[in-house]
Amino acid sequence: MKPEPAINVNEVISLEERYQLATYKKMPIVPDRGEGVWIYASYGERYLDLYGGHAVAATGHCHPHVVKAIKEQAEKLLFYSNLVYSEARARAAEKLVSLAPDVLTKAFFCNSGTEANENAMRMARMTTGRQNIITFSGGFHGRTADAISATFLGKYRELGKPNVPGHLQAEFGDIDSARALADDSVAAIMLEPIQSMAGVRMAEPSFYRALRELCDERGIILIYDEVQTGIGRTGEWFFAGSKAGDGVVPDIVTLAKALGSGIPVGACLVTEKVAAHIKENDLGTTFGGGMIAMAAVTATLEAIEEDEMLENVRTVEAYLRARLKGVEQVVNVRGRGFVLGLEFADAAKPIHEALLDRRIITGTSSDARVLRLLPPLCLKREEVDLFVDALALIRSQ
Ligand SMILES: Cc1ncc(COP(=O)(O)O)c(C=O)c1O
């Protein structure tokens with residue numbers, strides 16, 4: 001006999017549809033609990049989560065160390081604003097800065113990726129006294145006014161009309177297109193170093209180096225939007241400073257998603273040069289740096305370290321790539337670490353759906369032929385086997 005469902009699935013679905021704006025295309029899943037790379041729905045059926053709740057669940061679902069830290073903080077103090085000092089905030093800032101490339105010495109905490117990018121662009125304008133921002137075709141930076149105006153991907157920018165003025169579009173991977181726009185009106189060049197939503201697009205290492213040189217030459221602030229690539233997803237703590245990016249370190253790195261293992265939190269990491277231009281009351285947010293979020297940040301970073309997840313990402317990525325060589329349908333594997341785009345000859349959506357029927361959650365992207373994988377950083381070989389075997393079965397149908 002099946003156990004009683006913990007929740008009434010149909011009721012939950014109909015209530016959400018009745019009382020929420022229809023802004024999301026949802027999968028027909030009502031997760032009840034999560035553990036590691038698994039999501040458990042009612043009746044105990046489980047899903048292999050290769051999407052990580054949109055790159056958020058880096059430490060896996062409900063990592064015990066993170067849950068404990070949140071619980072302990074919740075019992076002490078849920079929140080107090082930035083007008084007081086906080087041990088939780090002090091520890092989180094110290095830990096985050098200690099893992100970042102050396103020149104990124106100060107943190108500003110906010111609540112989301114789009115907010116981190118808004119603040120990064122504002123800091124660049126304050127530092128340079130200039131207005132314009134160059135971003136790239138295919139980049140996604142969020143949905144608030146300035147961030148959506150910086151997003152030259154599909155319909156997003158249109159949704160933000162009227163856009164914030166002064167946003168200029170260069171071609172991703174093409175340094176000449178950036179150089180042509182980089183005059184003395186430009187405060188910042190901002191990019192997703194790996195363009196996730198666009199279908200996991202990377203540039204050559206020399207592109208990142210050339211951007212750094214261009215910014216240095218023309219007094220422009222370089223911003224990496226590492227909302228997806230940060231906090232270990234590429235098999236290194238950050239894309240900034242990594243070999244894939246020719247060791248380039250930008251002036252500002254923005255973070256969110258994985259940073260709090262699911263507790264909303266964003267951050268900007270900045271150099272001393274940028275920090276020197278930011279004064280009291282220049283930036284702010286009520287909830288940024290709140291104690292629960294800060295406890296989650298420290299515990300997230302500790303869990304990744306203690307469980308050696310960066311090494312895991314690198315070895316399991318290599319294993320996954322090797323296994324995918326045996327799947328004829330996959331014509332190319334893009335990306336790095338656990339931000340991967342599997343390119344198919346035809347549309348990826350039917351494959352995404354067929355995998356969902358087999359209880360494997362993956363992501364699509366703006367590139368119709370690319371299936372995205374953004375799994376927790378603790379994904380193991382056995383789970384890769386489950387995925388690749390399922391993919392091979394879909395192929396043979
Ligand atoms: C690269 C990148 N930047 C910014 C954002 C916006 O983050 P948030 O949804 O937390 O505002 C996203 C969200 O998907 C993202 O992928």
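What's counted below: heavy atoms across the whole structure, side chains too, no hydrogens, waters or symmetry copies. When a ligand or atom number is given, it counts from 1 through the structure's own listing order.
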TODO: Under the salt bridge (charged side-chain N to carboxylate O under 4.0 Å, His left out) rule, collect the residues that match up with Lys349, sequence neighbours excluded.
DONE: Glu353
Open item on the list: Check Arg323 with Asp385, please: is the shortest side-chain N to carboxylate O separation under 4.0 Å?
Closed with: yes
TODO: Check Arg143 against ligand 1 and report side chain, backbone, both or neither, counting heavy atoms closer than 4.0 Å.
DONE: neither
- [ ] Show which atoms of ligand 1 fall inside a sub-4.0 Å distance from at least one heavy-atom site of Ser112.
- [x] 10 (O), 11 (O)
TODO: Scan the protein's non-hydrogen atoms and note whether one is under 4.0 Å from atom 10 (O) of ligand 1.
DONE: yes
Open item on the list: I need the atoms of ligand 1 closer than 4.0 Å to a non-hydrogen atom of His54, numbered in the order shown.
Closed with: 14 (O)
Open item on the list: With heavy-atom distances below 4.0 Å as the criterion, list the atoms of ligand 1 near Val227.
Closed with: 2 (C), 3 (N), 4 (C), 5 (C), 12 (C), 15 (C)
Open item on the list: Please list, in number order, the atoms of ligand 1 under 4.0 Å from a heavy atom of Asn117.
Closed with: 3 (N), 4 (C)
Task: ligand 1 contacted by Lys257 (non-hydrogen, < 4.0 Å) - done: yes
Task: Any Glu226 heavy atom less than 4.0 Å from ligand 1 - done: no
TODO: Looking only at distances, please establish whether an N/O atom of ligand 1 is found under 3.5 Å from an N/O atom of Gly113.
DONE: yes
- [ ] Between Thr144 and ligand 1, find which residue part has any heavy-atom pair under 4.0 Å and reply side chain, backbone, both or neither.
- [x] neither
TODO: Determine, for Arg212 against Asp251, whether the closest basic-nitrogen to carboxylate-oxygen distance falls under 4.0 angstrom.
DONE: yes
Task: Thr114: numbered ligand 1 atoms lying under 4.0 Å from its heavy atoms - done: 6 (C), 7 (O), 8 (P), 11 (O)
Open item on the list: Quick test of your reading of the model: are Glu302 and Lys95 salt-bridged, counting only N-O distances below 4.0 Å?
Closed with: no
Open item on the list: Is a donor from one side chain sitting under 3.5 angstrom from an acceptor on the other, for Thr300 and Thr59?
Closed with: no
Task: Aromatic centroids of Tyr47 and Tyr40 separated by under 6.0 Å - done: no
